[in-house]
Amino acid sequence: MRAPDTELPIVCDSVSVLVGKLAILDRLSVTFGDGAPTALIGPNGSGKTTLIRIAMGLIAPTSGRVTWGGREAVPPLRRAILFQRPVMLRRSVVGNLRYALAAAGIARDRREARVIELLALVGLAGFEDRPARKLSGGEQQRLALARALARDPAVLFLDEPTASLDPAATKSVEDVIRAVSARGIKVVTATHDLGQARRLAGEIVLLHRGRAIETAPTERFFMQPQTEEARRFVAGDLLL
Amino acid sequence: MPDQASALQLVLSGDPALFAIVRLSLLVSLSAVVCAALIGLPFGALVALTRFPGRAGVIVVLNALMGLPPVVVGLAVYLLLSRSGPLGSWGLLFTPAAMIVAQTILITPIIAALSRQTIEDLWLEYRDELAAMNVGPAGRIATLVYDARFSLITTLLAGFGRAAAEVGAVIIVGGNIDGFTRTMTTAIALETSKGDLPLALGLGFVLLAIVVAVNAAAWGMKRVGEQYAG
């Protein structure tokens, strides 16, 4: 049984991130509440990764306000992230998981049971003693997912989780994401892949030039896009 | 050839005088490595993980100090420990302790500079993941030192190699006193000047063997580490 969620909803209110004079995020407002996965879509440079890092609390906005469960400056105790290119610690598979469990404050006597549970969840049972850095790209991605889940998050951010994976590895990662979502964990994923957004998400947020152009339930976004940018993006036109 | 044969005979027969010199050399150099590690590793980690005004200057100086001339270090320690020096009352000059102090000063910058580079490189790699896992400063240092342990062992060996091979500092502060402060390198220098080549060569063989053995052990450990830890 998970502890009550205290970090949702995550509200980004008129958030801007400036690098020099360049606005990576431009007065962007978005809310991530409980429920089906949210997919952040948009062309390169639209601000997806920056938004995920802001919502995770890894970087602070230049202006605007971010709250987690109505509070500011909440440490990421129930938030987790899977980076586009996750870094494996120089340890075995089980060593990576034990480290994440210890960092999450899981009691020592509960760690081994959690390790077995997480490895089964991501399909890496039997890989315990393998050096993490010698796993394939898909296996590393699944181990990073297991590591992110070690802290029993209320919300899981995924930054292009399958960007460099082949179709089989992509499917295995997507299966884990579905299983995670079915457990009641809020998933927010950045993706270029419209097919993946359709398969996984219940809500779509289209970003363009650092702004949230359109937010809609997945079905409506693809069938009845409300904005010109969304129509063009769904039709496969380039958004520059 | 007769000199080489005599040298080998000295080594193989376990000549007590030769092995007393070897024991003292190892004691001094290994003690210096331990002392330098206790100072250099935390200092290297601190510089790697913190940002402060003048940090670039500290790194440049640290790197430059890797090339400290042993005779200059020996002279500085001599002036500190001599009867008229600020630490003269400690009575350490011409003792193994003075040699440990000199070698510690000599190799601390090597260990600090190389560990700073190793830990900083790993930190750039791990930074986002550790931040996402909400790992605090102490936990970060512990993680980086643990995960870089095989590279850091190589760093310590670089320090040991420097200490074991240097002659300038220990001869100035140790005095090369027979049976008390005579190390392999100072003995080789002395015996060569006296023309006693078998003992000098025997010590040279042992010194080379130690350096090769230590580096082979480090290489083996690194390989095992890569196999199990990636």
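Every chain is numbered from 1, with letters handed out A, B, ... down the list of sequences. Since the structure is predicted, the reported quantities are computational estimates derived from the model, not experimental observations.
With sequence neighbours excluded, the residues forming a side-chain hydrogen bond (donor to acceptor under 3.5 Å, both in side chains) with A:Glu203 are A:Thr38, listed by chain and number.
Contact annotation for residues 111-136 of chain B against chain A (heavy-atom separation below 4.5 Å, listed by residue number): B:Leu122, B:Glu125, B:Tyr126, B:Asp128, B:Glu129, B:Leu130, B:Ala131, B:Ala132, B:Met133, B:Asn134, B:Val135. Contacts from residues 21-29 of chain B to chain A, taken as heavy-atom pairs separated by less than 4.5 Å, involve no residues at all. Contacts between residues 46-56 of chain A and chain B, counted as heavy-atom pairs separated by less than 4.5 Å, involve A:Arg53, A:Met56.
The backbone N or O of A:Asp13 lies less than 3.5 Å from no partner atom in the side chain of A:Ser29, so there is not a single donor-acceptor pair. Panel note: side chain A:Arg111, backbone A:Leu101; no donor-acceptor pair is recorded below 3.5 Å. With A:Glu128 contributing its side chain and A:Gly126 its backbone, the two residues share a donor-acceptor pair below 3.5 Å. Counting only distance, with no hydrogens or angles, the side chain of B:Gln103 and the backbone of B:Ala163 share a donor-acceptor pair below 3.5 Å.
For the 3.5 Å distance criterion, the side chains of A:Gln196 and A:Thr162 qualify, holding a donor opposite an acceptor. A side-chain donor-acceptor contact under 3.5 Å links B:Asn176 and B:Arg182.
With a 4.5 Å cut-off on side-chain heavy atoms, B:Arg149 and B:Val145 do not count as touching. Taking the side chain as every heavy atom from C-beta outward, A:Phe127 and A:Leu119 never approach each other to under 4.5 Å.
Crowding of A:Arg85 atom CZ: a count of heavy atoms from other residues, nucleotides or ligands under 6.0 Å not exceeding 12.
Of the atoms belonging to A:Ala103, heavy atoms from both backbone and side chain fall under 4.5 Å from chain B. Contacts of A:Ala100 with chain B are made by both backbone and side-chain atoms, with heavy-atom separations under 4.5 Å.
Heavy atoms only, all atoms of each residue included: B:Thr183 and B:Thr186 are closest at N-OG1, 2.9 Å. The minimum heavy-atom distance between A:Ser172 and A:Ala169, with the atom names listed, is OG-O, 2.8 Å.
Looking at A:Glu7 and A:Arg78, no side-chain N of the basic residue comes within less than 4.0 Å of a carboxylate O on the acidic one, giving no salt bridge. A salt bridge is absent between B:Arg162 and B:Glu166; no separation between the charged side-chain nitrogens and carboxylate oxygens falls under 4.0 Å.
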